[in-house]
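Each remark here refers to the structure printed beneath this line.
Numbered from 1 within each chain, the chains take letters A, B, ... in sequence-line order. This structure is a prediction, so every number in the text was calculated from the model and none was measured.
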Amino acid sequence: MKRHLILMCGLLACLLAYGGVYYASTKPARALEDRPQPELAWLKQEFNLSESEFKRISDLHEAYLPKCREMCMKINAKNSELRQLLESSTNVTGHVQAALNESARLRAQCQAQMLDHFFEVSRTMAPEQGKRYLTWVRAKTLQGNGGMNHGDETHHGSH
Amino acid sequence: MNDASEHKRPDNLSRVLKEWRADTSLPPGFQAAVWGRIDASKGREAVSQPLWHVLSAWFNQLVARPQLAVAYIVFFAMIGMTAGWAQGQKEVARVQDDLAQRYVQTLDPYQVPQR
């Protein structure tokens with residue numbers, strides 16, 4: 001009986017310790033997720049932003065979103081037009097080419113706008129953090145999007 | 001009559017036994033060999049016990065002493081703490097990655113999520 005009690009105490013201690021430490025170590029992360037704009041809260045923590053820097057960047061972020069939405073609507077509309085043209089075409093007609101060109105132009109304009117925003121945000125941060133932010137965000141957006149993956153390189157290499 | 005013959009038999013037996021002499025000597029190392037066989041048979045008995053019995057006996061010995069019982073509980077608590085910390089770190093890293101990805105996607109909705 002005593003043996004079973006001690007065995008149960010050991011297992012209970014293990015479970016309680018596991019739960020307690022897990023809860024304590026994940027509390028900051030859960031607090032971050034519970035914030036109104038968790039992605040901005042993450043940005044503040046990751047790049048050690050002061051309150052004034054964070055306020056300025058939040059304002060820039062809020063100002064950028066409507067412009068981003070407008071660009072997205074234009075790009076979506078152009079892509080939709082391109083899809084309809086391609087459904088009724090059997091080759092690259094003048095209209096198709098024009099739609100492709102316009103779609104690429106809009107995407108390039110969107111990316112330029114995005115880069116502008118990144119630069120502005122990085123200028124708001126401390127120099128070291130700003131540099132780190134630019135490197136990170138470029139890798140996540142432009143460089144990640146434009147580069148080929150290994151599968152494509154292998155395929156091209158086999159020709 | 002039967003009583004008399006039965007009374008004589010033990011005396012005759014005793015006499016014969018007393019007269020009997022073993023004149024051969026034991027081979028060298030005889031006693032050591034016998035004890036060795038006895039020890040070997042005891043070892044075989046221990047090995048043939050189920051693992052559960054061995055663990056149970058060990059655990060009984062462990063918890064018989066209060067200090068060892070406390071040490072056992074503390075040991076399990078430490079295992080729980082280590083596992084909780086490791087799992088917590090994993091979860092924190094996942095949340096950080098997720099929030100970073102969400103930040104990127106608010107700025108570039110056409111961005112393909114990177115994993």
Side-chain angles (χ1 to χ4, degrees), chain A residues 2-33 35 37-43 45-46 61 64-65 68-69 71-72 75-76 79 107 110-111 113-115 117-118 121 136-137 139-142 144-145 149, chain B residues 45-46 48-115:
Chain A
K2 183 184 171 186
R3 183 187 72 172
H4 291 126
L5 187 66
I6 291 171
L7 185 65
M8 291 307 298
C9 283
L11 292 175
L12 191 66
C14 184
L15 285 172
L16 286 174
Y18 176 89
V21 170
Y22 179 85
Y23 181 81
S25 64
T26 57
K27 195 174 174 187
R30 278 183 284 108
L32 212 57
E33 277 188 313
R35 298 277 290 274
Q37 286 178 301
E39 52 278 355
L40 286 181
W42 167 83
L43 190 78
Q45 185 189 74
E46 178 66 22
H61 189 83
Y64 174 77
L65 289 182
C68 180
R69 271 194 288 270
M71 283 306 304
C72 284
I75 293 170
N76 284 343
N79 285 343
R107 184 71 181 127
C110 171
Q111 287 182 325
Q113 214 170 272
M114 195 169 59
L115 265 177
H117 174 74
F118 295 159
V121 166
W136 173 79
V137 81
K140 286 285 183 184
T141 54
L142 300 169
N145 212 12
N149 61 29
Chain B
E45 274 178 30
S48 68
Q49 281 184 1
L51 182 62
W52 165 247
H53 284 170
V54 174
L55 287 175
S56 182
W58 171 79
F59 187 71
N60 282 338
Q61 203 176 16
L62 183 72
V63 302
R65 294 163 62 181
Q67 301 97 323
L68 286 180
V70 168
Y72 156 79
I73 291 170
V74 167
F75 175 71
F76 266 78
M78 287 178 68
I79 288 177
M81 281 169 61
T82 306
W85 178 83
Q87 199 61 28
Q89 293 305 301
K90 239 170 111 176
E91 176 64 11
V92 166
R94 187 200 64 78
V95 168
Q96 301 274 1
D97 278 347
D98 187 50
L99 290 176
Q101 190 60 41
R102 278 161 65 172
Y103 174 76
V104 168
Q105 290 223 276
T106 57
L107 300 176
D108 186 8
Y110 289 97
Q111 180 62 36
V112 175
Q114 294 177 14
R115 287 283 175 260

Chain A interface, residue from B/G80, B/A86, B/G88, B/A83 that has the most non-hydrogen pairs under 4.5 Å: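 Among B/G80, B/A86, B/G88, B/A83, the one with the most close pairs to chain A is B/G80.
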Would you check if [X] and [Y] make a side-chain contact, meaning some heavy-atom pair closer than 4.5 Å?
X	Y	answer
A/L32	B/L99	yes
B/R102	A/W42	no
B/Q96	A/Q45	yes
B/F76	A/L12	no

Minimum heavy-atom distance between [X] and [Y], given as atom pair plus value:
X	Y	value
B/L107	A/C68	O-SG, 3.7 Å
A/L65	B/T106	CD2-O, 3.8 Å
A/C9	B/I73	CB-CD1, 3.8 Å
B/V92	A/S25	CG2-O, 3.4 Å
B/G84	A/V21	C-CG1, 3.9 Å

Chain B contact via A/C72 - which portion, at a heavy-atom distance below 4.5 Å: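 Both backbone and side chain.
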Proximity breakdown for A/Y23 and chain B, heavy-atom pairs closer than 4.5 Å: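 Nothing of A/Y23, per the 4.5 Å heavy-atom cut-off to chain B.
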If you count heavy-atom pairs under 4.5 Å with chain B, which of [options] comes out on top?
options	result
A/Y64, A/W136, A/Y22	A/Y22
A/E33, A/Q113, A/Q37	A/E33
A/G20, A/A41, A/C110, A/A13	A/A13
A/C14, A/A29, A/G19	A/C14
A/I75, A/V137, A/L16, A/L11	A/I75

Salt bridge flag under 4.0 Å for residues B/D97 and A/K140: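 A salt bridge is absent here (no side-chain N lies under 4.0 Å from a carboxylate O).
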B/Q105 side, atom CD; A/T141 side, atom OG1 - distance, nearest 0.5 Å: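 Nearest 0.5 Å value for the CD-OG1 distance: 12.0 Å.
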Side chain B/Y103, main chain A/L43, donor-acceptor under 3.5 Å: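 No, B/Y103 side chain to A/L43 backbone: no donor-acceptor pair under 3.5 Å.
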